[in-house]
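For reference, the structure is listed below as structure tokens.
One-based numbering along the sequence shown. The analysis underlying the following values was restricted to heavy atoms, covering all of them including side chains, and did not include hydrogens, waters or symmetry mates.
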Amino acid sequence: MTTLASNLAPASPAYTRNKAHMLDLVEQVRALEQRAVLRSARSAANFHERGKLLPRERLAHLLDPGRPFLELMTLAGYCGIEDRDPVTSIPGSALIVGIGHISGVRCMIAVNDAGISAGAMQSLTGQKLIRAQEIALAHKLPFVQLVESAGGNLKKYRVERFIVGGGMFYNLARLSAAGLPVISLIHGSSAAGGAYLPGLSDYVVMVRQQARAFLAGPALLKAATGEEATEEELGGADMHARTSGLADYVAENDLDGIARIRDILRAIGWTDTAVLPASPIRPPRHDREDLLGVMPADARTPVDMREVIARLVDDSDFHEFKQLYGAPTVCGYATVHGQPVGILTNNGPLDPAGTTKAAEFIQLCVQLDRPILFLQNITGFIVGRAHEEAGMIKHGAKLIQALSNAPVPRITLLCGASFGAGNYGMCGRAFKPDFLFSWPNAKTAVMGGEQAAMTMRMVAEGAARRAGRAVDEDALAQESREIVDNFNEQSTAIYTSSLLLDDGIIDPRNTREVLGVVLKTAAAAKTRPVIPIQFGVARF
């Protein structure tokens with residue numbers, strides 16, 4: 001291993017500008033996340049008056065104290081998706097999801113944030129929950145859900161939400177069949193399709209006089225059949241525990257219900273089985289604060305991504321592979337929080353040599369059964385006649401084949417630019433990495449806005465010449481401005497994260513800790529024994 005030196009100059013004007021830019025972006029993200037927390041907290045008096053805890057209070061009591069909770073997809077549904085006004089839009093899709101420990105067991109946890117619109121389903125709530133379920137399936141995590149939701153918002157009904165929503169139930173059945181316990185605590189309403197959240201669970205706790213689970217509530221029942229019944233008669237905890245058999249346990253209040261969830265996981269007896277490092281973990285030799293100023297404010301400015309690696313890996317030790325061949329592509333071995341990992345990144349576009357090297361390195365990681373970390377700062381595949389003649393397309397295809405079929409955990413971090421096919425070649429969202437996170441400055445697009453505008457301008461000018469008419473310069477200038485604005489708006493990390501195109505935006509200073517959580521999650525999955533069955537556990 002080689003200890004990475006650093007050429008970063010923290011006193012330089014460029015570093016100072018970069019740091020100020022990054023801090024401003026971090027603050028924007030944290031303010032948006034806090035917006036959801038504060039909106040939910042406005043319901044505190046109403047919740048407490050009814051003897052209920054706020055959703056985040058429930059989560060705090062559920063989690064093991066002193067253990068990390070990695071919250072995911074915090075900006076889901078922002079950027080005009082649910083509320084078109086960015087000033088009032090509340091991110092998060094009224095759902096809290098993340099990885100945490102309960103009674104010593106690493107779990108995927110989903111909590112309806114009933115403090116926001118009574119927990120009603122929003123445009124991306126179903127997709128956010130489905131993504132959390134997919135992570136649980138891939139990494140052998142029990143799935144724990146704290147349910148209180150007003151269901152779908154019928155005033156904002158969209159048929160695609162209805163169709164996508166079925167995926168939540170499909171995945172619950174798959175989790176159970178994969179040998180992964182699904183555990184539900186029902187704090188309030190779980191109506192209509194939402195009734196299948198407990199219905200497809202292996203263990204169900206319902207809170208007396210608060211929980212409700214029914215396919216049709218009193219209003220819909222009367223409208224559909226004329227029958228009259230109270231909510232408690234239709235779907236209360238005692239009825240489901242004594243008569244229908246849907247509830248396995250009845251809790252007296254939220255805290256009692258949470259204690260029962262913790263008891264269930266304690267009784268299951270699962271523990272994290274990841275092998276601990278043989279030697280003490282050494283932190284990087286370079287300050288993590290420097291990560292605030294590593295990435296240029298202008299994504300077109302070159303940066304040596306080894307400066308990032310040096311501040312993420314244990315003891316800043318990095319064994320670089322084929323350093324002199326395809327030099328703009330950087331790959332090698334390291335450990336993060338004691339977990340071995342292969343790292344692949346770029347100091348320029350992917351050229352034929354670098355692409356071939358990357359494909360070979362991925363295969364070596366597969367041979368070692370080693371997770372791969374993709375650090376994206378990539379403008380794309382190199383273009384030009386010489387590179388086409390050198391086989392850029394076929395070499396790029398080799399890389400795509402390797403990363404698409406590598407049966408090891410793949411983690412992608414968007415550190416800066418993520419443009420064009422470079423997004424694909426470095427394991428972007430479409431290639432289903434196990435986890436994908438962004439730094440606040442990340443930019444994602446098929447190309448830069450200026451390049452897109454110039455391309456369209458050249459097309460328009462060529463069409464005008466062929467038609468024998470004059471070029472309308474004013475119209476072209478207006479079109480160019482609109483194209484640039486459109487690209488710039490959609491390329492930001494806040495915009496893409498709002499669309500669930502990543503698993504969350506992280507502060508660069510927290511990157512090492514986040515990587516430690518997900519790498520340990522992947523390591524535990526490899527050694528965790530599960531007993532799959534043909535079907536999910538049916539309730540009787």
Any carboxylate oxygen within less than 4.0 angstrom of a Lys/Arg side-chain nitrogen, looking at K432 and E134? no
Show your working on ring-ring contact (aromatic ring centres under 6.0 Å, His included) between F361 and Y333 and close with a plain yes or no. CA-CA 10 Å; F361 180 70; Y333 303 113; 5.2 Å; yes
For H139, all residues meeting ring-ring contact (aromatic ring centres under 6.0 Å, His included), sequence neighbours excluded: F435
Under the 3.5 angstrom rule, does the side chain of Q490 hit a backbone N or O of Y495 as a donor-acceptor pair? no
Using modelled atom types and a 3.5 Å cut-off, is there a donor and acceptor pairing between side-chain atoms of N441 and backbone atoms of M22? no
For R410, does its backbone N or O pair with a side-chain atom of D434 as donor and acceptor, under 3.5 Å? yes
Without swapping roles, check the side chain of S201 against the backbone of L197 for a donor-acceptor pair under 3.5 Å. yes
Non-neighbouring partners of Y203 that pass ring-ring contact (aromatic ring centres under 6.0 Å, His included), sequence neighbours left out: none
Does the distance from a Lys or Arg side-chain N to an Asp or Glu carboxylate O, for R30 and E33, drop under 4.0 Å? yes
In terms of heavy-atom contacts, H337 and E513 come closest through NE2-CA, 4.1 Å
Any side-chain to backbone donor/acceptor pair from Q133 onto M168? Under 3.5 Å, distance only. yes
Out of I116, L129, L124, which one pairs with L95 under the side-chain contact (heavy atoms from CB on, under 4.5 Å) rule? L129
Check ring-ring contact (aromatic ring centres under 6.0 Å, His included) between F431 and all other residues, then give those that pass, not counting sequence neighbours. Y424
Ion pair check, R106 and D64, cut-off under 4.0 Å: no
Got a donor-acceptor contact below 3.5 angstrom from the R311 side chain to the L291 backbone? no
Assess whether a salt bridge exists between R260 and D263, defined as any Lys/Arg side-chain N lying under 4.0 Å from an Asp/Glu carboxylate O. no
